[in-house]
Amino acid sequence: MFFFLPDKHVLAMAAMRVLSSLIELMAAMLMLKLNQVEAALKINATLALVGPTIMMLVMALGLWGLAGKIHPEKMLAIILGVGLIFYGVRH
């Protein structure tokens, strides 16, 4: 399974997701180490910034990888779809 060389964009996207999961794991371990609700809430608030940032970076890498491979109309539809996701989760 891991004996082939993946596309550089896919590799970068996967690496960003691995980084994101390591940040989440470190945050969980820090919460357990500090053992305080206030500190855990602060750590969780910080993670609320990390998640969307990683999502946008991974999406940007994917769109960069697709650039030139799909029609501009479809690229616009994808970009609008991402925008709608962020609009839909707004408070």
Side-chain angles (χ1 to χ4, degrees):
M1 180 168 134
F2 291 101
F3 297 110
F4 65 94
L5 185 60
D7 180 273
K8 64 182 178 182
H9 295 99
V10 174
L11 183 61
M13 292 169 73
M16 290 298 298
R17 283 297 171 186
V18 169
L19 175 64
S20 176
S21 66
L22 289 174
I23 291 170
E24 295 269 349
L25 182 60
M26 289 185 336
M29 293 185 336
L30 186 59
M31 286 179 188
L32 290 172
K33 180 178 170 43
L34 296 176
N35 197 31
Q36 295 177 349
V37 174
E38 297 84 7
L41 283 173
K42 289 177 185 176
I43 293 167
N44 194 58
T46 303
L47 288 176
L49 296 173
V50 173
T53 303
I54 296 291
M55 180 192 154
M56 288 301 292
L57 288 172
V58 171
M59 189 62 73
L61 283 168
L63 291 174
W64 184 23
L66 285 178
K69 295 181 184 176
I70 62 172
H71 296 303
E73 297 86 18
K74 289 186 179 182
M75 183 67 83
L76 181 62
I78 293 169
I79 292 169
L80 287 174
V82 173
L84 287 173
I85 290 170
F86 277 96
Y87 177 75
V89 298
R90 257 186 22 182
H91 287 71

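Just so you know, residue 1 is the first one in the sequence shown, and it goes up from there. As the structure is a prediction and not an experimental result, all values here were calculated from the model.
- For the pair Leu63 and Met59, the minimum side-chain heavy-atom distance is below 4.5 Å.
- How far CE of Met29 is from CG of Leu32: 9.0 Å, rounded to the nearest 0.5 Å.
- Between atom CG of residue Leu47 and atom CE of residue Met26 there is a gap of 10.0 Å, rounded to the nearest 0.5 Å.
- Atom-to-atom distance recorded for Ile54:CD1 and Ile23:CD1 is 5.0 Å, nearest 0.5 angstrom.
- For the pair Asn44 and Met31, the minimum side-chain heavy-atom distance is below 4.5 Å.
- By the criterion of side-chain heavy atoms lying less than 4.5 angstrom apart, applied directly or through intervening Ile, Leu, Val, Met, Phe, Trp or Tyr residues, Leu19 is grouped together with Val58 in one hydrophobic cluster.
- In this structure the side chain of Arg17 reaches within 4.5 angstrom of the side chain of Met55, judged on heavy atoms.
- The two residues Leu61 and Met13 make their nearest non-hydrogen contact at CB-CG, 3.8 Å.
- Transitive grouping of hydrophobic side chains (ILVMFWY, heavy atoms separated by less than 4.5 Å) brings Trp64 and Met16 into a common cluster.
- Placement of Leu57 and Val50 within a single hydrophobic cluster is found when ILVMFWY residues are connected by side-chain heavy-atom separations under 4.5 Å, directly or transitively.
- Taking the side chain as every heavy atom from C-beta outward, Lys74 and Leu66 never approach each other to under 4.5 Å.
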